[in-house]
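Report on the structure given below.
Whatever order the structure lists them in is the order used to number ligands and atoms, beginning at 1.
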Amino acid sequence: MKVTVVGAGAVGASCAEYIAIKNFASEVVLLDIKEDFAEGKAMDLMQTASLNGFDTKITGSTSDYSKTAGSDIAVITSGIPRKPGMTREELIGINAGIVKDVSSNIIKHSPDVTIIVVSNPMDTMTYLVHKTTGLPKNRIIGMGGALDSARFKYRLAEALEAPISDVDGMVIGGHSDKGMVPLTRLATRNSVLVSEFISEDRLNQVSEDTKVGGATLTKMLGTSAWYAPGAAVSGLVQAIACDQKKIFPCSTLLSGEYGLDDLCIGVPVVLGKNGIEKIVEIKLDESEANKLKESAEGVKKTNGLLEL
Ligand SMILES: NC(=O)C1=CN([C@@H]2O[C@H](COP(=O)(O)OP(=O)(O)OC[C@H]3O[C@@H](n4cnc5c(N)ncnc54)[C@H](O)[C@@H]3O)[C@@H](O)[C@H]2O)C=CC1
Ligand SMILES: O=C([O-])CC(=O)C(=O)O
């Protein structure tokens, strides 16, 4: 299993590290445009191999896509992150050109690849990869919901004063400050609905804190987060590489599912060796369906800024 990670910055390197530590891939290639940067990150990571006990071979490349040839999975993290006070949507001007260029280069050398898009604004960048590469829709996956759901579980555990492992929950919708739809109604603590334990007001607070999860960290760190994003990507990569058939909310091209069409947005999907093997249509109540519709309108507005 060969995995390419384009962009050896904060998220790309964290993602490569988690993939290596989980020890399921034979090879990870990090690629960046900054001279020697990916090679340096790869060397540093390889020097953790004996300490962390993995056999994955990590190599680096400065813009040489021939090194990525035959990749089974490629992760796109190249592009600029936001600064405090910015929205993810404001990154489109720079990141669209980068993502277009990078995705074309990836498929030139790995025509059978499955692409995981991370660069923001992620739902729109995922849509752009569809338009640019023409890969089948099951092989283009946007990562946002897996991260947002992990943040939701963190906030739920905090409110419930419970261990995170006791908590389950999912966030669907666009990966944006306003567009996320945390499914509070369905969240559980060890199979019991969380509404049995905490008030509606507290649950609304959990939802609001989840939606601004990325913005909160950007304000604290001066740039956006990387540990949880890297871990979330590694989870998707592992589900595909190991054919796990796990359900994650991912951004995928919808053609009528959830009453939506011609956009990529976060909904639950089954991930296995064929990428997105199934879009899972769960029954939303009226309020959740309206929020998803509103979120889709926001994503479509951002898609409208693309020069296709
Ligand atoms: N979807 C999600 O849940 C998340 C998305 N992100 C997004 O991921 C992206 C990366 O974030 P960070 O790693 O923090 O940024 P970073 O600045 O640390 O790393 C980005 C890397 O991309 C490289 N790069 C730029 N243009 C390139 C090109 N044409 N080819 C190859 N490499 C290129 C840069 O040299 C840099 O090393 C941002 O757009 C950020 O908003 C970040 C966290 C979560
Ligand atoms: O907040 C950002 O800009 C980066 C990101 O998507 C996240 O951490 O959720």
What does the contact table look like for ligand 2 (nitrogen or oxygen on each side, cut-off under 3.5 Å)?
residue, atom, partner, partner atom, Å
ligand 2, 1 (O), R82, NE, 3.1
ligand 2, 1 (O), R82, NH2, 2.8
ligand 2, 1 (O), R88, NH2, 3.4
ligand 2, 3 (O), R82, NE, 2.6
ligand 2, 6 (O), R88, NE, 2.8
ligand 2, 6 (O), N120, ND2, 2.9
ligand 2, 6 (O), H175, NE2, 2.6
ligand 2, 8 (O), R151, NH1, 3.3
ligand 2, 8 (O), R151, NH2, 2.9
ligand 2, 9 (O), R88, NH2, 2.9
ligand 2, 9 (O), R151, NH1, 2.7
ligand 2, 9 (O), H175, NE2, 3.2

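Once rounded to the nearest 0.5 Å, the distance linking SG of C15 with CD1 of I19 reads 4.0 Å. Going from atom CE of M125 over to atom OG of S251 covers 11.0 Å, rounded to the nearest 0.5 Å.
The residue from I141, D72, I140 that alone fulfils the side-chain contact (heavy atoms from CB on, under 4.5 Å) condition with T114 is I141.
In this structure, ligand 1 sits under 4.0 Å from heavy atoms belonging to V6, G7, G9, A10, V11, D32, I33, K34, F37, T77, S78, G79, I80, P81, L91, N95, I98, V102, V118, S119, N120, M122, M143, L147, H175, A225, P229.
Remark: K2 NZ is packed, more than 12 non-hydrogen atoms of other residues, nucleotides or ligands lying under 6.0 Å away.
Using modelled atom types, no side-chain atom of D166 and backbone atom of R189 make a donor-acceptor pair closer than 3.5 Å.
Side-chain contact check for L217 versus W226: every heavy-atom pair is 4.5 Å or farther apart. Between V6 and Y65, some side-chain heavy-atom pair lies under the 4.5 Å cut-off.
The side-chain hydrogen bond (donor to acceptor under 3.5 Å, both in side chains) search around N290 returns none, not counting sequence neighbours. Scanning for side-chain hydrogen bond (donor to acceptor under 3.5 Å, both in side chains) contacts around D209 gives Q205, with sequence neighbours left out.
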